[in-house]
Protein chains: 2
Amino acid sequence: MKVSELAHSFGTTVDTVRYYTRLKMLNPIKSDNGYKYYPPSEISRFKFILSARQLGFSVSDIQDIIEEASHGKAACPLVRTLIKERLAETEKQFQAMLVLRKNMKDALAQWEIKEDKAPTSTMVCHLIDSFELATDERGSRDK
Amino acid sequence: MKVSELAHSFGTTVDTVRYYTRLKMLNPIKSDNGYKYYPPSEISRFKFILSARQLGFSVSDIQDIIEEASHGKAACPLVRTLIKERLAETEKQFQAMLVLRKNMKDALAQWEIKEDKAPTSTMVCHLIDSFELATDERGSRDK
DNA sequence: TTTAGACCTGTGTCCAAGACACAGGTCAAG
DNA sequence: CTTGACCTGTGTCTTGGACACAGGTCTAAA
(Lines give C-alpha, C1' and ligand atoms only; values in the text may rest on other atoms or scores of the structure.)
Protein backbone atom coordinates (compact mmCIF):
# COMPACT_ATOMS: atom_id res chain seq x y z
CA MET A 1 0.00 0.00 0.00
CA LYS A 2 1.21 3.47 -0.71
CA VAL A 3 0.72 6.49 1.42
CA SER A 4 -2.50 7.85 0.00
CA GLU A 5 -4.13 4.44 -0.15
CA LEU A 6 -3.28 3.87 3.47
CA ALA A 7 -4.49 7.29 4.53
CA HIS A 8 -7.76 7.18 2.66
CA SER A 9 -8.56 3.63 3.64
CA PHE A 10 -8.67 4.81 7.26
CA GLY A 11 -10.31 8.15 6.61
CA THR A 12 -7.25 10.24 7.36
CA THR A 13 -4.87 12.31 5.28
CA VAL A 14 -1.49 11.67 3.74
CA ASP A 15 -0.07 14.30 6.08
CA THR A 16 -0.96 12.19 9.07
CA VAL A 17 0.66 9.10 7.62
CA ARG A 18 3.73 11.07 6.67
CA TYR A 19 3.88 12.63 10.12
CA TYR A 20 3.98 9.26 11.85
CA THR A 21 6.47 8.07 9.28
CA ARG A 22 8.72 11.03 9.98
CA LEU A 23 8.62 10.11 13.64
CA LYS A 24 9.57 6.54 12.73
CA MET A 25 6.40 5.17 14.23
CA LEU A 26 5.73 3.66 10.83
CA ASN A 27 8.51 2.03 8.85
CA PRO A 28 7.53 1.65 5.22
CA ILE A 29 9.61 -0.09 2.58
CA LYS A 30 11.29 2.10 0.01
CA SER A 31 10.82 0.82 -3.49
CA ASP A 32 13.20 1.47 -6.38
CA ASN A 33 11.26 4.47 -7.56
CA GLY A 34 11.62 6.14 -4.17
CA TYR A 35 8.00 5.55 -3.19
CA LYS A 36 7.14 4.24 0.25
CA TYR A 37 5.12 1.09 0.53
CA TYR A 38 3.36 0.03 3.70
CA PRO A 39 3.25 -3.74 4.21
CA PRO A 40 0.47 -5.40 6.26
CA SER A 41 2.47 -5.11 9.48
CA GLU A 42 2.67 -1.36 9.08
CA ILE A 43 -0.98 -1.15 8.16
CA SER A 44 -1.98 -2.77 11.40
CA ARG A 45 0.42 -0.56 13.26
CA PHE A 46 -1.23 2.46 11.71
CA LYS A 47 -4.59 1.13 12.80
CA PHE A 48 -3.20 0.74 16.29
CA ILE A 49 -1.94 4.31 16.36
CA LEU A 50 -5.28 5.65 15.23
CA SER A 51 -7.11 3.63 17.87
CA ALA A 52 -4.81 4.90 20.56
CA ARG A 53 -5.20 8.50 19.39
CA GLN A 54 -8.95 8.06 19.55
CA LEU A 55 -8.62 7.00 23.16
CA GLY A 56 -6.83 10.22 24.03
CA PHE A 57 -3.24 9.03 24.09
CA SER A 58 -0.73 11.56 22.85
CA VAL A 59 1.57 10.75 20.00
CA SER A 60 4.42 10.73 22.44
CA ASP A 61 2.54 8.29 24.69
CA ILE A 62 2.10 6.01 21.73
CA GLN A 63 5.80 6.18 20.95
CA ASP A 64 6.53 5.10 24.51
CA ILE A 65 4.05 2.26 24.25
CA ILE A 66 5.52 1.04 20.99
CA GLU A 67 9.00 1.32 22.44
CA GLU A 68 7.99 -0.78 25.44
CA ALA A 69 6.35 -3.40 23.26
CA SER A 70 9.32 -3.55 20.93
CA HIS A 71 11.37 -4.92 23.81
CA GLY A 72 8.87 -7.75 24.09
CA LYS A 73 7.47 -6.42 27.34
CA ALA A 74 3.76 -6.17 27.99
CA ALA A 75 2.86 -2.52 27.65
CA CYS A 76 -0.36 -2.97 29.60
CA PRO A 77 0.77 -1.46 32.92
CA LEU A 78 2.11 1.59 31.10
CA VAL A 79 -1.10 1.86 29.11
CA ARG A 80 -3.21 1.78 32.25
CA THR A 81 -1.07 4.40 33.95
CA LEU A 82 -1.12 6.69 30.96
CA ILE A 83 -4.83 6.58 30.39
CA LYS A 84 -5.45 7.54 33.98
CA GLU A 85 -3.28 10.60 33.54
CA ARG A 86 -4.90 11.54 30.25
CA LEU A 87 -8.35 11.01 31.66
CA ALA A 88 -7.57 13.31 34.57
CA GLU A 89 -6.39 15.98 32.15
CA THR A 90 -9.40 15.52 29.95
CA GLU A 91 -11.66 15.84 32.95
CA LYS A 92 -10.01 19.10 33.90
CA GLN A 93 -10.32 20.51 30.41
CA PHE A 94 -13.86 19.31 30.30
CA GLN A 95 -14.78 21.22 33.43
CA ALA A 96 -13.04 24.30 32.07
CA MET A 97 -15.03 24.04 28.86
CA LEU A 98 -18.22 23.68 30.82
CA VAL A 99 -17.53 27.01 32.51
CA LEU A 100 -16.42 28.65 29.29
CA ARG A 101 -19.47 27.46 27.42
CA LYS A 102 -21.76 28.78 30.13
CA ASN A 103 -20.02 32.15 30.13
CA MET A 104 -20.30 32.38 26.39
CA LYS A 105 -23.96 31.52 26.40
CA ASP A 106 -24.65 34.00 29.19
CA ALA A 107 -22.76 36.69 27.34
CA LEU A 108 -24.62 36.04 24.13
CA ALA A 109 -27.94 36.29 25.93
CA GLN A 110 -26.98 39.51 27.72
CA TRP A 111 -25.72 41.06 24.52
CA GLU A 112 -28.71 40.34 22.34
CA ILE A 113 -30.63 42.93 24.34
CA LYS A 114 -28.04 45.67 24.68
CA GLU A 115 -27.64 48.26 21.99
CA ASP A 116 -24.42 49.24 20.24
CA LYS A 117 -22.17 51.89 21.69
CA ALA A 118 -19.19 53.64 20.17
CA PRO A 119 -15.88 53.07 21.89
CA THR A 120 -14.28 55.64 24.20
CA SER A 121 -10.71 56.22 25.19
CA THR A 122 -11.09 53.91 28.16
CA MET A 123 -13.47 51.41 26.68
CA VAL A 124 -13.00 49.28 23.60
CA CYS A 125 -16.33 47.50 23.82
CA HIS A 126 -18.97 48.08 26.43
CA LEU A 127 -20.46 44.65 25.87
CA ILE A 128 -17.30 42.88 26.93
CA ASP A 129 -16.42 45.41 29.60
CA SER A 130 -19.81 45.16 31.21
CA PHE A 131 -20.23 41.41 31.00
CA GLU A 132 -21.16 39.94 34.33
CA LEU A 133 -20.02 36.48 35.12
CA ALA A 134 -22.85 34.54 36.65
CA THR A 135 -21.63 34.43 40.24
CA ASP A 136 -20.14 31.02 40.73
CA GLU A 137 -20.92 29.83 44.23
CA ARG A 138 -18.49 26.96 44.13
CA GLY A 139 -15.69 28.97 42.63
CA SER A 140 -15.80 31.68 45.26
CA ARG A 141 -16.01 29.23 48.08
CA ASP A 142 -13.14 26.92 47.39
CA LYS A 143 -9.69 28.28 48.12
CA MET B 1 3.40 50.47 35.78
CA LYS B 2 6.09 48.19 34.52
CA VAL B 3 5.61 44.82 32.96
CA SER B 4 5.85 42.60 36.02
CA GLU B 5 3.65 44.88 38.09
CA LEU B 6 1.01 44.81 35.39
CA ALA B 7 1.23 41.06 34.98
CA HIS B 8 1.09 40.22 38.65
CA SER B 9 -1.68 42.69 39.43
CA PHE B 10 -3.93 40.70 37.12
CA GLY B 11 -2.65 37.28 38.08
CA THR B 12 -0.87 36.59 34.82
CA THR B 13 2.77 36.35 33.78
CA VAL B 14 5.21 38.78 32.20
CA ASP B 15 5.28 36.52 29.17
CA THR B 16 1.63 37.18 28.53
CA VAL B 17 2.06 40.94 28.78
CA ARG B 18 5.09 40.79 26.55
CA TYR B 19 3.27 38.63 24.05
CA TYR B 20 0.44 41.15 23.65
CA THR B 21 3.00 43.92 23.51
CA ARG B 22 4.86 42.15 20.72
CA LEU B 23 1.62 41.97 18.80
CA LYS B 24 1.10 45.71 19.38
CA MET B 25 -2.12 45.13 21.23
CA LEU B 26 -0.51 47.03 24.10
CA ASN B 27 1.51 50.15 23.48
CA PRO B 28 3.67 50.99 26.47
CA ILE B 29 5.84 54.07 26.81
CA LYS B 30 9.56 53.54 26.55
CA SER B 31 11.46 55.33 29.27
CA ASP B 32 15.06 56.52 29.00
CA ASN B 33 16.42 53.36 30.57
CA GLY B 34 14.74 51.23 27.94
CA TYR B 35 12.06 49.93 30.28
CA LYS B 36 8.44 49.84 29.19
CA TYR B 37 5.86 51.62 31.26
CA TYR B 38 2.17 50.96 30.96
CA PRO B 39 -0.01 54.03 31.54
CA PRO B 40 -3.62 53.74 32.84
CA SER B 41 -5.03 53.52 29.32
CA GLU B 42 -2.91 50.46 28.59
CA ILE B 43 -3.79 48.94 31.92
CA SER B 44 -7.48 49.09 31.10
CA ARG B 45 -6.77 47.75 27.67
CA PHE B 46 -4.95 44.79 29.22
CA LYS B 47 -7.95 44.21 31.45
CA PHE B 48 -10.13 44.28 28.36
CA ILE B 49 -7.98 41.73 26.57
CA LEU B 50 -8.06 39.38 29.53
CA SER B 51 -11.84 39.67 29.80
CA ALA B 52 -12.22 38.91 26.13
CA ARG B 53 -9.91 35.90 26.34
CA GLN B 54 -11.97 34.60 29.23
CA LEU B 55 -15.03 34.77 27.01
CA GLY B 56 -13.40 32.57 24.43
CA PHE B 57 -12.32 35.16 21.87
CA SER B 58 -9.08 34.34 20.14
CA VAL B 59 -6.20 36.76 20.29
CA SER B 60 -6.73 37.43 16.61
CA ASP B 61 -10.42 38.20 17.25
CA ILE B 62 -9.39 40.70 19.87
CA GLN B 63 -7.00 42.33 17.46
CA ASP B 64 -9.86 42.73 15.00
CA ILE B 65 -12.11 44.17 17.68
CA ILE B 66 -9.48 46.66 18.77
CA GLU B 67 -8.85 47.59 15.16
CA GLU B 68 -12.54 48.24 14.60
CA ALA B 69 -12.84 50.32 17.76
CA SER B 70 -9.74 52.31 16.91
CA HIS B 71 -11.60 53.71 13.92
CA GLY B 72 -14.28 55.01 16.27
CA LYS B 73 -16.78 52.43 15.11
CA ALA B 74 -18.89 50.44 17.53
CA ALA B 75 -17.39 46.96 17.63
CA CYS B 76 -20.59 45.47 19.03
CA PRO B 77 -21.90 43.87 15.83
CA LEU B 78 -18.52 42.26 15.22
CA VAL B 79 -18.39 41.09 18.80
CA ARG B 80 -21.81 39.48 18.56
CA THR B 81 -20.91 37.75 15.31
CA LEU B 82 -17.62 36.46 16.64
CA ILE B 83 -18.98 35.07 19.85
CA LYS B 84 -21.58 33.09 17.94
CA GLU B 85 -18.84 31.54 15.85
CA ARG B 86 -16.68 30.79 18.86
CA LEU B 87 -19.60 29.39 20.79
CA ALA B 88 -20.41 27.07 17.91
CA GLU B 89 -16.82 25.86 17.85
CA THR B 90 -16.76 25.44 21.59
CA GLU B 91 -19.98 23.46 21.44
CA LYS B 92 -18.46 21.16 18.84
CA GLN B 93 -15.32 20.61 20.87
CA PHE B 94 -17.44 20.11 23.93
CA GLN B 95 -19.42 17.33 22.32
CA ALA B 96 -16.20 15.75 21.07
CA MET B 97 -14.77 15.84 24.58
CA LEU B 98 -17.91 14.29 25.93
CA VAL B 99 -17.42 11.33 23.61
CA LEU B 100 -13.70 11.14 24.32
CA ARG B 101 -14.23 11.24 28.05
CA LYS B 102 -16.78 8.46 27.85
CA ASN B 103 -14.49 6.31 25.72
CA MET B 104 -11.64 6.84 28.13
CA LYS B 105 -13.75 5.93 31.12
CA ASP B 106 -15.11 2.86 29.39
CA ALA B 107 -11.62 1.80 28.40
CA LEU B 108 -10.32 2.24 31.91
CA ALA B 109 -13.14 0.14 33.28
CA GLN B 110 -12.64 -2.62 30.70
CA TRP B 111 -8.91 -2.69 31.28
CA GLU B 112 -8.98 -2.94 35.05
CA ILE B 113 -10.25 -6.46 34.67
CA LYS B 114 -8.09 -7.75 31.84
CA GLU B 115 -4.71 -9.21 32.52
CA ASP B 116 -1.43 -8.24 30.89
CA LYS B 117 -0.31 -9.82 27.65
CA ALA B 118 2.99 -9.68 25.86
CA PRO B 119 2.96 -8.08 22.43
CA THR B 120 3.07 -10.10 19.22
CA SER B 121 4.21 -9.22 15.74
CA THR B 122 0.75 -8.05 14.82
CA MET B 123 -0.33 -6.61 18.15
CA VAL B 124 1.34 -3.88 20.15
CA CYS B 125 -1.16 -3.88 22.99
CA HIS B 126 -4.15 -6.16 23.29
CA LEU B 127 -5.91 -3.71 25.59
CA ILE B 128 -6.03 -1.01 22.97
CA ASP B 129 -6.56 -3.40 20.09
CA SER B 130 -9.49 -5.08 21.77
CA PHE B 131 -11.16 -1.97 23.12
CA GLU B 132 -14.82 -1.87 22.20
CA LEU B 133 -16.45 1.45 21.68
CA ALA B 134 -19.81 1.50 23.36
CA THR B 135 -22.01 1.35 20.28
CA ASP B 136 -23.16 4.87 19.61
CA GLU B 137 -26.73 4.78 18.29
CA ARG B 138 -26.73 8.40 17.22
CA GLY B 139 -23.37 8.25 15.53
CA SER B 140 -24.23 5.31 13.35
CA ARG B 141 -27.57 6.79 12.39
CA ASP B 142 -26.66 10.26 11.28
CA LYS B 143 -25.06 10.65 7.88
C1' DT C 1 31.65 52.86 46.53
C1' DT C 2 31.06 48.56 45.33
C1' DT C 3 28.47 44.70 44.83
C1' DA C 4 24.80 41.36 44.98
C1' DG C 5 20.52 40.04 43.30
C1' DA C 6 16.19 41.18 41.65
C1' DC C 7 14.29 43.09 37.91
C1' DC C 8 14.27 44.61 33.06
C1' DT C 9 15.44 44.34 27.74
C1' DG C 10 15.13 42.07 22.90
C1' DT C 11 15.43 38.08 20.34
C1' DG C 12 14.96 33.39 19.45
C1' DT C 13 13.33 28.79 20.09
C1' DC C 14 9.90 25.32 21.73
C1' DC C 15 5.43 22.96 22.46
C1' DA C 16 1.20 19.36 19.61
C1' DA C 17 -0.38 17.33 15.81
C1' DG C 18 -0.56 17.79 11.90
C1' DA C 19 -1.74 21.26 7.52
C1' DC C 20 0.01 23.41 3.71
C1' DA C 21 3.50 24.74 0.29
C1' DC C 22 6.85 23.90 -3.20
C1' DA C 23 9.93 22.05 -6.58
C1' DG C 24 10.62 18.19 -8.78
C1' DG C 25 10.26 12.87 -9.80
C1' DT C 26 6.94 8.97 -11.39
C1' DC C 27 3.16 6.58 -13.20
C1' DA C 28 -1.01 5.25 -16.10
C1' DA C 29 -4.00 6.47 -19.79
C1' DG C 30 -4.94 8.56 -24.11
C1' DC D 1 4.54 11.74 -25.65
C1' DT D 2 2.03 14.43 -23.07
C1' DT D 3 -1.19 15.29 -19.45
C1' DG D 4 -2.59 15.04 -14.95
C1' DA D 5 -2.79 12.60 -10.79
C1' DC D 6 0.09 10.95 -7.57
C1' DC D 7 4.49 10.59 -5.15
C1' DT D 8 9.04 12.46 -2.84
C1' DG D 9 11.67 15.32 0.84
C1' DT D 10 12.03 19.48 3.16
C1' DG D 11 10.49 23.52 5.25
C1' DT D 12 7.32 26.67 7.24
C1' DC D 13 2.81 27.80 9.61
C1' DT D 14 -0.68 27.39 13.18
C1' DT D 15 -2.12 28.95 19.10
C1' DG D 16 -0.96 31.32 23.06
C1' DG D 17 2.08 31.86 25.34
C1' DA D 18 6.54 29.49 28.14
C1' DC D 19 11.27 29.34 28.53
C1' DA D 20 16.12 30.52 27.50
C1' DC D 21 19.91 33.59 27.16
C1' DA D 22 23.07 37.37 27.23
C1' DG D 23 23.28 41.54 28.86
C1' DG D 24 21.55 46.29 30.90
C1' DT D 25 19.45 48.64 35.26
C1' DC D 26 17.82 49.51 39.67
C1' DT D 27 17.94 49.26 44.81
C1' DA D 28 19.72 48.20 49.18
C1' DA D 29 23.18 46.65 52.06
C1' DA D 30 28.17 46.38 53.23
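All heavy atoms count here, side chains included; hydrogens, waters and symmetry mates do not. The sequence lines fix the lettering, A, B, ..., with proteins before strands; numbering per chain opens at 1.
For A/Arg22 against D/dG11, a side-chain N or O and a base N or O form a donor-acceptor pair under 3.5 Å.
Counting only distance, with no hydrogens or angles, the side chain of A/Thr16 and the backbone of A/Thr12 share no donor-acceptor pair below 3.5 Å. Judged by distance alone, with hydrogens and angles left aside, the side-chain atoms of B/Ser51 form no donor-acceptor pair with the main-chain N or O of A/Asp129 at under 3.5 Å. Using modelled atom types, no side-chain atom of A/Glu112 and backbone atom of A/Ala109 make a donor-acceptor pair closer than 3.5 Å. Side-chain N or O atoms of A/His126 include none that pairs as donor or acceptor with a backbone N or O of B/Cys76 at under 3.5 Å.
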Start with the C-alpha gap between A/Arg86 and A/Asp61, add the side-chain angles, then the distance that decides, and say whether side-chain contact (heavy atoms from CB on, under 4.5 Å) holds. CA-CA 10 Å; A/Arg86 298 299 160 248; A/Asp61 288 344; 2.5 Å; yes

Yes or no on salt bridge (charged side-chain N to carboxylate O under 4.0 Å, His left out) for B/Asp116 and A/Arg80, after CA distance, side-chain angles and deciding distance? CA-CA 10 Å; B/Asp116 296 2; A/Arg80 290 199 192 84; 2.9 Å; yes

Ring pair (Phe, Tyr, Trp, His ring centres under 6.0 Å) assessment of A/Phe46 paired with A/Tyr38: CA-CA 10 Å; A/Phe46 186 51; A/Tyr38 297 82; 7.8 Å; no

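With the nearest nucleotide of DNA chain C identified for both A/Tyr19 and B/Ser4, B/Ser4 has the one nearer the 5' end. Along DNA chain D, the nucleotide nearest to B/Val14 and the one nearest to B/Asn33 differ in position, and the one closer to the 5' end is contacted by B/Val14. Each of A/His8 and B/Lys2 was matched to the nucleotide of DNA chain D holding its nearest heavy atom; the match closer to the 5' end belongs to A/His8.
For the pair B/Lys30 NZ and D/dT25 C1', the computed distance is 17 Å after rounding to whole Å. Residue B/Lys36 contributes atom NZ, which lies 16 Å from atom P of D/dC26 at whole-angstrom precision. Protein atom CG of A/Leu6 is 15 Å distant from nucleotide atom C1' of D/dC6, rounded to whole Å.
Applying the 4.0 Å criterion to OP1 and OP2 of D/dG24, one finds that B/Tyr35 has every side-chain N and O outside that range. Between B/Thr16 and the phosphate of D/dA18, there is a side-chain N or O to OP1/OP2 separation shorter than 4.0 Å.
Using a 4.0 Å cutoff on non-hydrogen atoms, the parts of residues 38-61 of chain A near DNA chain C are A/Arg53, A/Ser58, A/Val59, ordered by number.
For the residue pair B/Lys114/B/Ser130, the side-chain donor-acceptor check at 3.5 Å is satisfied. A donor-acceptor contact closer than 3.5 angstrom is absent between the side chains of A/Glu67 and A/Gln63.
Here A/Tyr20 lies in heavy-atom contact (under 4.0 Å) with sugar-phosphate atoms only.
Of all nucleotides in DNA chain C having an atom under 4.0 Å from a heavy atom of chain A, the first and last in 5' to 3' order are C/dA17 to C/dC27.
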